**Q** 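Before we start, here is the structure in question, set down as structure tokens.
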Amino acid sequence: MTEQQNIAVVTGAGSGIGKAITLALAARGDRVVAADLDLEAAKNTAAVDPDHIVAMQVDVADRAAVDALREQVANEVGTPNILVNAAGWDRTDQFLNATTEFAEKVVAINYLGPVHMCSAFLPAMTEAGGGRIVNLASDAGRVGSAGESIYAGAKGGVIALSKSLAREMARHQITVNCVCPGPTDTPLFQAQDEKLKAALTRAIPFRRLAQPEEVAAPVVFFASDAASFITGQVLSVSGGLTMAG
Ligand SMILES: NC(=O)c1ccc[n+]([C@@H]2O[C@H](COP(=O)([O-])OP(=O)(O)OC[C@H]3O[C@@H](n4cnc5c(N)ncnc54)[C@H](O)[C@@H]3O)[C@@H](O)[C@H]2O)c1
């Protein structure tokens, strides 16, 4: 993967963890498409390293928009060999308060988003004969999280999707791995319920939130030559909050 410049597509690149991943991939020399629903936010990310990063808009929940992104990437940048699905969204509330509209939005962004992105980009990656996919799931999807039942279900789905795709894509030399952040200091986490935030932070053995860069580092590892024989794996980055078997 180091013989020619990597081309990476990162969703959710306008904020938090996706932004940190985009900047870290760019810092090692990759050409990175910073894709986000919020184009202005993606442009702000790209402005940090304009030689390596280009901003594009996408709604990962909308298959037509994902196909349009694929065309734009192919025309303006090339065939990506790295795909990182970091876009995500949630609001904490009791399951009994959840409306159908809320449930469908959570599943559309967090589960169908990675499905659409993998479905759109994998054909070219298989033709090119290799690549790396890294999906951002959540420890909520491994061990559950009160107030996040539907999100946890969607993230559990991302984990199962990643393992199944890893099996199917192995013959194409494409690895598929999952990073599960624990509570991480990003706008998404800060928007959650105050009590839940305080309780989670107290429960972390390190007694602090993760910084987005600490979650980006293992994503960059999975997207590197060093991880060439690692696929279908799930790594928690949670300061010891979860130690799932
Ligand atoms: N922050 C945490 O504590 C935490 C914990 C576990 C998992 N995660 C996961 O990590 C990933 C990154 O989260 P974050 O904390 O950096 O969030 P964030 O809110 O800071 O950033 C998410 C980005 O995704 C974009 N986005 C939202 N919906 C989109 C859509 N439909 N299409 C394209 N882009 C969209 C937003 O505009 C935003 O820029 C998410 O998948 C999230 O579920 C975060």
Side-chain angles (χ1 to χ4, degrees), residues 9-24 33-46 55-69 83-92 104-117 120 134-145 147-148 150-159 161-162 178-193 196-201 203-204 208-216 218-219 234-239 241-242 244:
V9 174
V10 182
T11 69
S15 176
I17 294 166
K19 180 175 183 175
I21 293 165
T22 301
L23 297 181
V33 174
D36 203 290
L37 185 63
D38 183 343
L39 181 59
E40 283 311 306
K43 282 182 178 169
N44 288 338
T45 300
M56 294 186 191
Q57 187 172 31
V58 71
D59 178 356
V60 296
D62 175 355
R63 178 59 203 249
V66 169
D67 286 344
L69 174 73
L83 169 61
V84 180
N85 287 303
W89 181 83
D90 192 27
R91 288 289 173 268
T92 47
E104 287 180 353
K105 180 174 176 179
V106 169
V107 172
I109 297 173
N110 295 289
Y111 181 68
L112 288 178
V115 169
H116 294 325
M117 289 294 296
V134 188
N135 292 324
L136 274 292
S138 170
D139 272 341
R142 304 189 89 179
V143 300
S145 178
E148 297 189 298
I150 299 161
Y151 172 83
K155 291 298 194 180
V158 170
I159 292 169
L161 171 75
S162 303
C178 251
V179 169
C180 290
T184 306
D185 192 7
T186 71
L188 180 70
F189 181 79
Q190 294 303 348
Q192 307 297 320
D193 173 73
L196 180 73
K197 285 196 294 188
L200 278 171
T201 308
I204 297 169
R208 66 170 178 85
L209 299 175
Q211 290 306 305
E213 294 72 20
E214 294 177 299
V215 180
V219 174
V234 185
L235 179 67
S236 290
V237 183
S238 62
L241 176 62
T242 50

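In listed order, ligands and their atoms are each counted from 1. Keep in mind that what you see is a predicted model, and the values were worked out from it rather than measured.
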**Q** Going by the closest heavy atom to atom 27 (C) of ligand 1, which one wins out of Ala42, Gly12, Gly88?
**A**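 Shortest heavy-atom distance from atom 27 (C) of ligand 1: Gly88.
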**Q** Using heavy-atom distances only, which candidate in Val215, Leu112, Val58 approaches atom 33 (C) of ligand 1 most closely?
**A** Val58
**Q** Taking the side chain as C-beta and beyond, is there a heavy-atom pair between Thr45 and Val10 under 4.5 Å?
**A**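 Side chain of Thr45 against side chain of Val10, heavy atoms only: no contact under 4.5 Å found.
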**Q** My understanding is that we take every heavy atom of each candidate and find the minimum distance to atom 38 (C) of ligand 1. Doing that for Leu69, Ile17, Asp36, which one comes out nearest?
**A**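 Minimum heavy-atom distance to atom 38 (C) of ligand 1 goes to Asp36.
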**Q** Output the distance between atom CG (Leu69) and atom CG (Asp59), rounded to the nearest 0.5 Å.
**A** 11.0 Å
**Q** Will you find, in the side chains of Arg142 and Thr242, an N or O donor that is under 3.5 Å from an N or O acceptor?
**A** no
**Q** Look at atom 12 (C) of ligand 1 and find which of Ala86, Ala216, Ala87 reaches it with the closest heavy atom.
**A** Ala86
**Q** Tell me the nearest of Gly14, Ser15, Cys180, Gly16 to atom 18 (P) of ligand 1, using heavy-atom distances.
**A** Ser15
**Q** Apply salt bridge (Lys or Arg N to Asp or Glu O under 4.0 Å) to Arg91 and list each qualifying residue two or more places apart in sequence or on a separate chain.
**A**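 In terms of salt bridge (Lys or Arg N to Asp or Glu O under 4.0 Å), with neighbours along the sequence ignored, Arg91 is linked to no residue.
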**Q** If you measure only the distance, is there a donor-acceptor pair under 3.5 Å linking the side chains of Thr92 and Asp193?
**A** no
**Q** Quick test of your reading of the structure: of Ala137, Gly182, Ser238, whose heavy atom lies closest to atom 5 (C) of ligand 1?
**A**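 The option holding the nearest heavy atom is Gly182.
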**Q** Touching ligand 1 at all, Ala41? Heavy atoms, strictly under 4.0 Å?
**A** no
**Q** State the atoms of ligand 1, each with its element, that fall below the 4.0 Å cut-off from a heavy-atom position in Pro183.
**A** 3 (O)
**Q** Under the side-chain contact (heavy atoms from CB on, under 4.5 Å) test, which residues partner Ser145, sequence neighbours left out?
**A**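 Here the qualifying residues are Ala140, Glu148.
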